[in-house]
Amino acid sequence: MKRILITGANRGLGLELTRQYLERGDTVFAASRQPDTATDLHQLRDQYANQLHLVQLDVTDEASIEAARQTVAGLTDRLDVLVNNAGTFPGAGPEDPAKQHLGGLTAANALTFLHVNAVGPLLVAQAFLDLLKAANKARIISLSSGQGSLTWKASGEPYHYSASKAALNMYMRALAAEVGTYGVISVLVDPGWVQTGMGGDTAMLPPADSARGIIRLTEQLHAEENGSFVTWQGQPVPW
Ligand code: NDP
């Protein structure tokens, strides 16, 4: 029985990952900004009362990260998997999508994306590192994007989203070099173009397929893959 922490677990891929880990019999700490109104998580808790813990966590709020760490540390002495899933895309939050076009770019908008998509996941990993180190071969899975690949980049927009995922890649690659010495494996995963609030209705991939692939690859990781960037099917993504 594994113990899993998932950020942004109230909807989209995070919710689907939560559902599938629960179905496997694992224990999930499902973190979200507003757990009180996370209706899908409440339904899952009715079904999996002994396996599911709802945790308040806003990745941009350091007090919230610390409070979440204390809550989880009060419930478990180890974490086997951290899924840094929470993220934001232009139009998916209060950020103005027009500010990701050349001519409308602002520093404030850039910093919002960097905070949620790059700095937040790094601080979450830092906060939960002691619990991860206490497990045998823990994994840190950070949801990146092909948009964060310098090799694949062929369009301008979305400027800040793409740059934030490239920054996430660097942060997590740096982290991997350190946590590898404790036996922790940290990888970046492009989940594909997934049918979620972020991916939209025309996306190719059902969340269930992407989540299943991410869980499978998490189970099959080897030490030599620490610090790698792969698709949900385990194929390497060029930096
Ligand atoms: P959704 O937009 O459907 O869900 C995003 C989740 O992140 C929500 O739970 C949201 O919470 C949460 N979130 C946003 N900001 C914060 C914050 N400050 N603190 C905590 N949680 C926050 O996205 P997806 O499920 O599609 O995406 C999951 C991950 O996969 C993201 O990192 C995304 O960048 C990546 N990805 C997705 C792709 C796709 O096609 N869907 C493609 C490539 C990458 P709330 O409900 O409170 O807003």
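- For the pair P191/I214, a side-chain contact is recorded, criterion being any heavy-atom separation below 4.5 Å from C-beta on.
- Residue pairs meeting the salt bridge (Lys or Arg N to Asp or Glu O under 4.0 Å) criterion with at least one partner in residues 73-87, sequence neighbours excluded, are R3-D77, R78-D80.
- Taking the side chain as every heavy atom from C-beta outward, S145 and Y161 approach each other to under 4.5 Å.
- Neither Y159 nor V116 shares a network with the other; the hydrophobic side chains, linked directly or stepwise wherever heavy atoms of I, L, V, M, F, W or Y lie under 4.5 Å apart, form separate groups for each.
- Between V179 and L132 there is no side-chain heavy-atom pair separated by less than 4.5 Å.
- By the rule that hydrophobic residues join a cluster once side-chain heavy atoms approach within less than 4.5 Å of another member, L114 and V59 end up as members of separate clusters.
- Between L143 atom CG and M172 atom CE the span is 11.0 Å, to the nearest 0.5 Å.
- Residues L54 and L15 are members of one and the same hydrophobic cluster, defined by side-chain heavy-atom contacts under 4.5 angstrom among Ile, Leu, Val, Met, Phe, Trp and Tyr.
- Contact of the R11 side chain with the D40 side chain is not registered, since no non-hydrogen atoms from C-beta on lie closer than 4.5 Å.
- Remark: of the listed residues V83, L188, N169, V189, L188 is the sole one forming a side-chain contact (heavy atoms from CB on, under 4.5 Å) with S142.
- Among L82, N84, T7, the single residue meeting the side-chain contact (heavy atoms from CB on, under 4.5 Å) criterion with P121 is N84.
- Checked by atom type, the side-chain pair H101/E157 shows a donor-acceptor distance below 3.5 Å.
- N117 places no side-chain N or O within 3.5 Å of a backbone atom of K165 that could act as its donor or acceptor partner.
- Between D26 and R24, the shortest heavy-atom distance links the atoms OD2-NE, 2.8 Å.
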Residues W232, L13; criterion side-chain contact (heavy atoms from CB on, under 4.5 Å); working and verdict: CA-CA 12 Å; W232 63 282; L13 258 178; over 6 Å; no

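- Around the CD atom of Q34, the shell of radius 6.0 Å holds no more than 12 heavy atoms that belong to other residues, nucleotides or ligands.
- Smallest separation of non-hydrogen atoms from P238 and W152: CG-NE1, 3.2 Å.
- A118 approaches L168 most closely through the heavy-atom pair CB-N, 3.7 Å.
- The CZ atom of R139 lies 7.0 Å from the NZ atom of K2; values are rounded to the nearest 0.5 Å.
- Checked by atom type and distance alone, the side chain of T60 never pairs as donor or acceptor with a backbone atom of H115 at under 3.5 Å.
- How far CG of D61 is from CG of L123: 11.0 Å, rounded to the nearest 0.5 Å.
- For the residue pair V72 and V55, the shortest heavy atom distance occurs at CG2-CG2, 4.1 Å.
- Between G192 and L205, the closest heavy-atom pair is CA-CD2, 4.2 Å.
- Checking side-chain atoms of T181 against main-chain N and O of E178 turns up a donor-acceptor pair under 3.5 Å.
- Here R33 contributes atom CZ and S64 contributes atom OG; the two are 10.5 Å apart, rounded to the nearest 0.5 Å.
- Residues passing the side-chain contact (heavy atoms from CB on, under 4.5 Å) test with E225 are L221, H222, S228, sequence neighbours excluded.
- For Q70 and E66, the side-chain atoms include at least one donor-acceptor pair closer than 3.5 Å.
- Pairing each heavy atom of Q20 with each of A208, the nearest pair is NE2-O, 2.9 Å.
- Ring pair F29/H53 is parallel by interplanar angle, where below 30° counts as parallel and above 60° as perpendicular.
- Panel note: side chain Q100, backbone P90; no donor-acceptor pair is recorded below 3.5 Å.
- L79 and I185 sit in two unconnected hydrophobic clusters of ILVMFWY residues. Membership requires side-chain heavy atoms under 4.5 Å apart, directly or through other members.
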Chi angles and distances behind the side-chain contact (heavy atoms from CB on, under 4.5 Å) call for F113, T88: CA-CA 7 Å; F113 279 85; T88 192; 3.7 Å; yes

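- Between the CH2 atom in W193 and the CD atom in Q147 there is a gap of 11.0 Å [rounded to 0.5 Å].
- A side-chain donor-acceptor contact under 3.5 Å links N85 to the backbone of G8.
- Annotation for K137: atom NZ does not count as buried by contact number, only 12 or fewer foreign heavy atoms lying within 6.0 Å.
- Residue N50 holds its CG atom at 11.0 Å from CG of L22, rounded to the nearest 0.5 Å.
- The environment of CG in D46 is crowded: more than 12 heavy-atom neighbours from other residues, nucleotides or ligands sit within 6.0 Å.
- A salt bridge between E219 and R216 is absent, with no side-chain N of the basic residue lying under 4.0 Å from a carboxylate O of the acidic one.
- Side-chain contact between Q126 and L175 is absent, with no heavy-atom pair separated by less than 4.5 Å.
- Side-chain heavy atoms closer than 4.5 Å link hydrophobic residues (I, L, V, M, F, W, Y) into clusters, and following such links, even through other members, never connects V28 to F128.
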